[in-house]
Number of protein chains: 2
Amino acid sequence: MTVRAPTELGLELAAFVPYRLNRLAVGVSDHLSDIYRERFGLDIPEWRVMATVGSQHGCTAQHIAESTRMHKTRVSRAVAHLEERELIERASSTADRREREVRLTKGGRKMYAELVPLVLERERELLACLTKEQLRGLLVGLETLESFLGLQD
Amino acid sequence: MTVRAPTELGLELAAFVPYRLNRLAVGVSDHLSDIYRERFGLDIPEWRVMATVGSQHGCTAQHIAESTRMHKTRVSRAVAHLEERELIERASSTADRREREVRLTKGGRKMYAELVPLVLERERELLACLTKEQLRGLLVGLETLESFLGLQD
DNA sequence: CCCAAACGGTTGCATCCGCAACTAATTGTG
DNA sequence: CACAATTAGTTGCGGATGCAACCGTTTGGG
């Protein structure tokens with residue numbers, strides 16, 4: 001249970017929380033990407049768009065960008081790819097003709113239905129290394145930090 | 001203290017730990033980058049190289065790559081930039097003439113000495129939003145996950 | 001009612017990044 | 001001792017990304 005006394009003189013990257021968070025996020029992401037990249041041919045932005053659109057009944061690119069905190073151009077390009085692969089479709093049906101409603105196609109829903117359980121199972125496997133208490137402590141810490149940085153929705 | 005009951009049917013990105021970790025890491029990194037980017041003109045790879053080299057008495061690019069978990073080409077380019085700016089210097093003095101020892105120049109040490117306290121202060125400010133108990137819980141969780149994923153040094 | 005400002009979304013461009021291929025030096029094996 | 005395999009580090013290249021500029025639409029103030 002090392003809880004680090006910060007060094008006065010220099011910086012120890014390995015004990016520096018911003019660095020550790022980043023390294024952990026990358027590690028976890030790599031662990032997950034096996035699923036959506038190798039088995040479904042999605043990259044990270046595409047996966048996030050699928051995840052967002054799949055859990056709604058249609059939404060705008062704007063909403064996806066806010067919800068995933070990705071840059072709108074990144075969303076735009078991911079959506080374009082997914083549309084080419086006929087996993088999602090866009091309808092300009094809304095009252096506001098600037099926006100286009102993004103929805104999963106039948107094929108998209110099929111992929112989503114296969115993908116999500118696998119991904120949630122991976123999350124479960126990962127978190128299983130923590131005791132109930134540890135998990136709770138981690139989630140509380142995450143939530144407090146998110147709140148402090150104004151990140152959570 | 002929401003600790004989420006995972007939805008059975010779909011995926012809620014906002015409650016998905018890998019996504020939350022990534023978002024938090026980006027948020028924290030942005031919070032820090034004000035310092036090293038705007039005030040010192042460093043980008044992320046350069047900042048990591050400075051942090052690593054500064055806390056040692058000279059090291060190889062290889063060591064920087066392992067320690068920061070950056071790709072060796074990313075390290076190579078960051079080191080090249082920093083050398084142009086005369087913040088670091090390379091000496092091929094070692095026994096093994098393939099490697100080059102990377103060290104801070106006088107200017108580099110000056111920057112490091114100004115930079116590190118600011119960055120550590122930012123970390124402190126960030127973590128101050130947590131109670132002692134919460135901080136401890138977070139660090140324990142981080143450590144367990146790092147260990148599970150084989151990330152820590 | 002009109003025009004400027006704001007907004008959703010896309011695209012050109014410059015930059016960043018990782019992979020693969022490369023150079024140069026070292027190590028190990030016969 | 002020689003040569004194949006490995007390692008430190010760099011570079012060419014294609015793909016991803018963010019910024020700024022843009023298009024078309026909507027909104028709001030005078």
Side-chain angles (χ1 to χ4, degrees), chain A residues 22-23 25-27 29-31 33-34 36-38 41-50 52-53 56 58-85 88-103, chain B residues 22-23 25-27 29-31 33-34 36-38 41-50 52-53 56 58-85 88-103:
Chain A
N22 186 72
R23 190 181 55 175
V26 171
S29 179
D30 286 351
H31 196 238
S33 70
D34 293 348
Y36 55 73
R37 189 168 45 80
E38 282 164 29
L42 301 174
D43 62 19
I44 293 177
E46 289 163 3
W47 145 246
R48 287 183 187 159
V49 169
M50 289 292 291
T52 305
V53 176
Q56 325 254 328
C59 60
T60 67
Q62 176 70 14
H63 173 80
I64 299 170
E66 283 166 10
S67 159
T68 60
R69 305 207 150 233
M70 291 196 293
H71 196 278
K72 62 179 180 172
T73 62
R74 213 177 169 195
V75 173
S76 174
R77 283 157 180 150
V79 167
H81 288 157
L82 294 171
E83 192 175 28
E84 278 170 27
R85 289 181 61 185
I88 68 168
E89 60 192 359
R90 282 182 283 191
S92 11
S93 55
T94 333
D96 188 333
R97 279 186 333 207
R98 286 173 303 182
E99 24 181 80
R100 308 186 60 185
E101 187 159 299
V102 180
R103 258 180 266 130
Chain B
N22 185 73
R23 190 180 56 175
V26 171
S29 178
D30 286 351
H31 197 239
S33 70
D34 292 349
Y36 55 73
R37 190 167 45 80
E38 283 164 29
L42 301 174
D43 62 19
I44 292 176
E46 289 163 4
W47 145 247
R48 287 184 188 159
V49 169
M50 289 293 291
T52 305
V53 176
Q56 325 255 327
C59 61
T60 67
Q62 176 68 15
H63 173 80
I64 299 171
E66 283 165 11
S67 161
T68 60
R69 305 206 151 234
M70 290 196 294
H71 195 276
K72 62 178 179 173
T73 62
R74 215 176 167 194
V75 173
S76 174
R77 283 157 181 151
V79 167
H81 287 157
L82 293 170
E83 193 175 29
E84 279 169 27
R85 289 180 61 183
I88 68 167
E89 60 192 359
R90 282 182 284 192
S92 9
S93 55
T94 334
D96 188 335
R97 279 185 334 207
R98 287 172 303 182
E99 12 181 273
R100 310 186 60 186
E101 187 159 299
V102 180
R103 258 181 266 129

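Letters A, B, ... mirror the listed sequences (proteins, then strands); counts begin at 1.
At a threshold of 4.0 angstrom between heavy atoms, the contacts of A:A65 with the nucleic acid are absent. Note on A:A95: only backbone sugar-phosphate atoms sit closer than 4.0 angstrom, heavy atoms only; bases stay farther off.
Looking at B:R98, B:E66, B:E99, B:R100 one by one, the single match for side chain to side chain contact (heavy atoms under 4.5 Å, CB included) with B:T60 turns out to be B:E99.
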Open item on the list: Determine whether B:V49 and B:T68 satisfy the following criterion, side-chain contact (heavy atoms from CB on, under 4.5 Å), listing intermediate values before the conclusion.
Closed with: CA-CA 8 Å; B:V49 169; B:T68 60; over 6 Å; no

Go through it in stages, so that I can follow the logic: the residues are B:L42 and B:M50, the test is side-chain contact (heavy atoms from CB on, under 4.5 Å), and I'd like the CA-CA distance, side-chain angles, deciding distance and then a yes or no. CA-CA 9 Å; B:L42 301 174; B:M50 289 293 291; 4.0 Å; yes

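Rounded to an integer number of Å, the gap from B:I44 CD1 to D:dT17 P is 14 Å. A:I64 has its CD1 atom 15 Å from the C1' atom of C:dT10, to the nearest Å. When the P atom of C:dG9 is taken as reference, atom CD of A:E101 falls 11 Å away, rounded to whole Å. Rounded to a whole Å, the CD atom of A:Q62 is 9 Å from the C1' atom of C:dG9. Summarising the geometry, the separation between CZ on B:R74 and P on D:dT17 is reported as 13 Å, rounded to the nearest angstrom. One atom, CD of B:E66, and another, C1' of D:dA8, lie 11 Å apart when rounded to the nearest Å. Following rounding to the nearest Å, A:M70 (CE) and D:dC19 (C1') show an atom-to-atom distance of 17 Å. Here D:dT26 presents its P atom at 5 Å from CG of A:D96, a figure rounded to the nearest Å.
The phosphate of C:dG18 has neither OP1 nor OP2 within less than 4.0 Å of any side-chain N or O from B:R69. Considering only side-chain N and O atoms, B:S76 lies under 4.0 angstrom from the phosphate OP1 or OP2 of D:dT10.
At a threshold of 4.5 Å between non-hydrogen side-chain atoms, the residues B:R77 and B:P45 do not count as touching.
Projected onto DNA chain C by closest heavy-atom contact, B:H81 and A:A61 fall at different nucleotides, the more 5' of which corresponds to A:A61.
Side-chain N or O atoms of A:S76 include none that pairs as donor or acceptor with a backbone N or O of A:K72 at under 3.5 Å. The closest donor-acceptor contact from the side chain of A:R85 to the backbone of A:G41 lies under 3.5 Å. Put simply, the side chain of B:S29 never gets that close to the backbone of B:A25: no donor and acceptor are under 3.5 Å apart.
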Letter by letter from the 5' end, nucleotides 19-24 of chain C scores (B base, S sugar-phosphate only, - none; protein heavy atoms under 4.0 Å) BB---B

